[in-house]
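The structure appears below as structure tokens.
Naming convention: chains lettered A, B, ... in sequence-line order (proteins, then strands); numbering from 1 in each chain. What you are looking at is a predicted structure, and each value in this text was computed from that prediction instead of being measured.
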There are 2 protein chains.
Amino acid sequence: MSERAVTISEVARHAGVAVSTVSYVLSGKRAISADTRRRVLDSVRVLGYHPNAGARALASKRANVIALVLPLRVGMHVPVLMQFATSVVTAARQYDHDVLLLTADEGSDGLRRAAASALVDGLVLMDVELHDSRVPLLKDLAEPSVLIGFPADSAGLTCVDLDFARAGALCVEHLAERGHTEVALLGAPSVVYERGTGFARRTREGFAAAVADTGLKGVALSCEENFDQVSAVIAELLDTRPGLSGLVVHNEAAVNHVLGALRQHGRRVPDDIAVVAICPDDIAERSSPPLTSVLIPAEEVGRQAVRLLMEKLEGHVVPEDTLLQPWLTVRDST
Amino acid sequence: MSERAVTISEVARHAGVAVSTVSYVLSGKRAISADTRRRVLDSVRVLGYHPNAGARALASKRANVIALVLPLRVGMHVPVLMQFATSVVTAARQYDHDVLLLTADEGSDGLRRAAASALVDGLVLMDVELHDSRVPLLKDLAEPSVLIGFPADSAGLTCVDLDFARAGALCVEHLAERGHTEVALLGAPSVVYERGTGFARRTREGFAAAVADTGLKGVALSCEENFDQVSAVIAELLDTRPGLSGLVVHNEAAVNHVLGALRQHGRRVPDDIAVVAICPDDIAERSSPPLTSVLIPAEEVGRQAVRLLMEKLEGHVVPEDTLLQPWLTVRDST
DNA sequence: CGCCTCTGTCGAAGCGCTTCGATAATCGGT
DNA sequence: ACCGATTATCGAAGCGCTTCGACAGAGGCG
């Protein structure tokens, strides 16, 4: 157990300067001579000084903490969410901010409480639905916020996401280039569409648009996440659409079941059926065969979200919509 | 955008009492007449007062925030970690605390910083390794901490975890009762064992001990997470151990690959081979057939960890080791 | 009826920091 | 060598809350 924490006035005394001088050295908000700066920083090091977060927040009206609002709903692929979360934390640290984790169980009250108590300076919301109950609240919160994902009415909000419509289209275009003429999309579980989760719908729209543009035949289906149901869907698909030779899978939990089901039904990938997935690279690489895939740049999304939030905290105006371009990696499944 | 935040003195004025009286009403630390209490609470509601977290932390020396330290290492199953994380957040809120998310990239410095700056009152560490670099630091931190998982030397630390040794044993005992005589454990990827992650080793030890106790034949293998490698291991196993009829799988990412590989090699579950998994219920239920499994009581672990931390924050002495009992659910795979 | 003990409330002193205005000291220009 | 502009530093006033000691009034008791 260590002793009482070192305060700024002890540092000041040790360095032979005023408290305010130490503060200015640390914040860089006023010019300080090289000599004084060095003495102060030495004292900081020697004494092991860490500014008290509460006192700093109180005096400066900035907690240097942002909230990460992360509801954990069924049907969401958790590892991807965690990639977002991790990159948000990492990016926030780069701006000298910490991250407070808020989950769904408190509902909007949690957001209101964290914001109103000045616990956090701003909010990053993940897993945004088309009609998200948290969104109206955001608009009358004093604290700035950034959404990862798009609600139906994103006017006045700052949103970041992968361009899922483009991702869906990219998959179709890739299959078209490979000469396939009939394709299918296996998407999220139906509950996700019903809930109106934006990314699932937008992928489906992009898929449909590209199918129309390229003149392919194509269907979009929802896809549950247990093996037997996946297997049944695949069987049905193979049965009713003999010309089908390309599959787009946008469901991280089901993608291995899809491969298993194809194997079970005697179809070889890619010889009989080509498969392209929208999923993280590690899942694509771990499959057999390794899958051609469009990856979700979680890292980049998190970083951009934080960057935008920091801009807003500085009082700058930022673009409302940020769409990141998807990237397709060809592997052995197409 | 809302206007400047309401302060305690505005509440006091509105209610016609002193600031300190409002504080005592809210904290309950001194007796207040029913009448005054009601007036104050009314004012709080009418004005929409939320105490300023920074000011409160500064004055009371308690931030009412705990840190959740969550390194995200390869080979760890993220959904399970998130179950822990979620239950920690939920439990913390029950004690009126919030959760600050710390990840690995800052290393131990992040812990030191958060603790020294009084940003957090205590720490919950997840995914603890046998020789964890964060552990020595904990011992000389003034802030109390609780570990989820056990390091090699847990003396002086408060640790909570599922009794993985018992979980491994439970699986073996279940298979023995079902009449199997030769079994195998497919565990974590080898990197996880090499890193010395406690739970993986303890499961293996429990498995080995139970194999010895019950007089079965058994091997424990590590298990990578891509389909082709799993398939190869299964092939080898079936080939070299014709008597093998029971499999224990302790690897969430590989469990579906195992089932796929068995199918591929023409083995039926449970008729030819019985499979029992150590994994969350949702994975077990989604497999085909649904798997008999020992679940990891993530919810309970998180809750206990927070409870212990709160006890320590109150200055109470708590038991060093808390092992939660595993529970086996029989489904269709055995 | 006077004394003592509770109860309920108040005022004021910080908690450790940031920031504003003031003040010295230094400098270049003439 | 003098003046105004700069540069570097200081002191003090809060930020909004908790908590300590004080104290008035109510109530119990002999």
Side-chain angles (χ1 to χ4, degrees), chain A residues 3-41 43-44 47-65 96 113 115-119 121 142 313, chain B residues 3-41 43-44 47-65 96 113 115-121 142:
Chain A
E3 54 297 329
R4 216 191 73 279
V6 180
T7 72
I8 197 174
S9 64
E10 300 177 50
V11 174
R13 196 173 323 127
H14 187 271
V17 298
V19 163
S20 51
T21 301
V22 176
S23 177
Y24 287 124
V25 166
L26 262 20
S27 71
K29 295 197 178 173
R30 279 198 186 176
I32 295 287
S33 68
D35 181 58
T36 306
R37 147 172 286 106
R38 198 186 33 66
R39 279 214 322 286
V40 169
L41 292 178
S43 299
V44 164
L47 300 179
Y49 169 69
H50 286 267
N52 178 292
R56 192 211 282 269
L58 179 57
S60 68
K61 311 201 153 305
R62 291 284 252 94
N64 274 35
V65 175
D96 194 33
R113 183 180 52 79
S117 66
L119 234 189
D121 304 320
L313 284 172
Chain B
E3 53 300 328
R4 218 191 71 278
V6 180
T7 72
I8 198 175
S9 63
E10 301 177 49
V11 174
R13 196 172 323 129
H14 187 273
V17 299
V19 162
S20 51
T21 301
V22 176
S23 177
Y24 286 124
V25 166
L26 262 19
S27 70
K29 295 196 178 173
R30 279 199 187 175
I32 296 288
S33 69
D35 181 56
T36 307
R37 147 174 285 106
R38 199 186 33 65
R39 278 214 322 287
V40 168
L41 293 178
S43 300
V44 164
L47 300 179
Y49 169 68
H50 286 266
N52 178 292
R56 192 211 281 269
L58 179 57
S60 67
K61 311 202 155 302
R62 291 286 251 94
N64 273 35
V65 174
D96 193 33
R113 184 179 52 79
S117 66
L119 234 189
V120 303
D121 304 321

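- The closest side-chain heavy-atom distance from B:Leu41 to B:Arg38 is not below 4.5 Å.
- For the pair A:Asn52/A:Thr7, no side-chain contact is recorded, criterion being any heavy-atom separation below 4.5 Å from C-beta on.
- Between the CG atom of B:Leu47 and the CD1 atom of B:Ile8 there is a distance of 12.0 Å, given to the nearest 0.5 Å.
- Straight-line distance from the CZ atom of B:Arg37 to the C1' atom of C:dT9: 13 Å, rounded to whole Å.
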Let me have a per-nucleotide readout for nucleotides 11-21 of chain C, 5' to 3', with B, S or -, counting only protein heavy atoms under 4.0 Å. BB-BBBBBBBB
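- The shortest side-chain heavy-atom distance between A:Val65 and B:Val65 does not fall under the 4.5 Å cut-off.
- Inter-residue side-chain proximity for B:Val17 and B:Val11 is flagged as unmet; no heavy-atom pair is nearer than 4.5 Å.
- As a whole-Å value, the separation of A:Asp35 CG from C:dA25 P is 16 Å.
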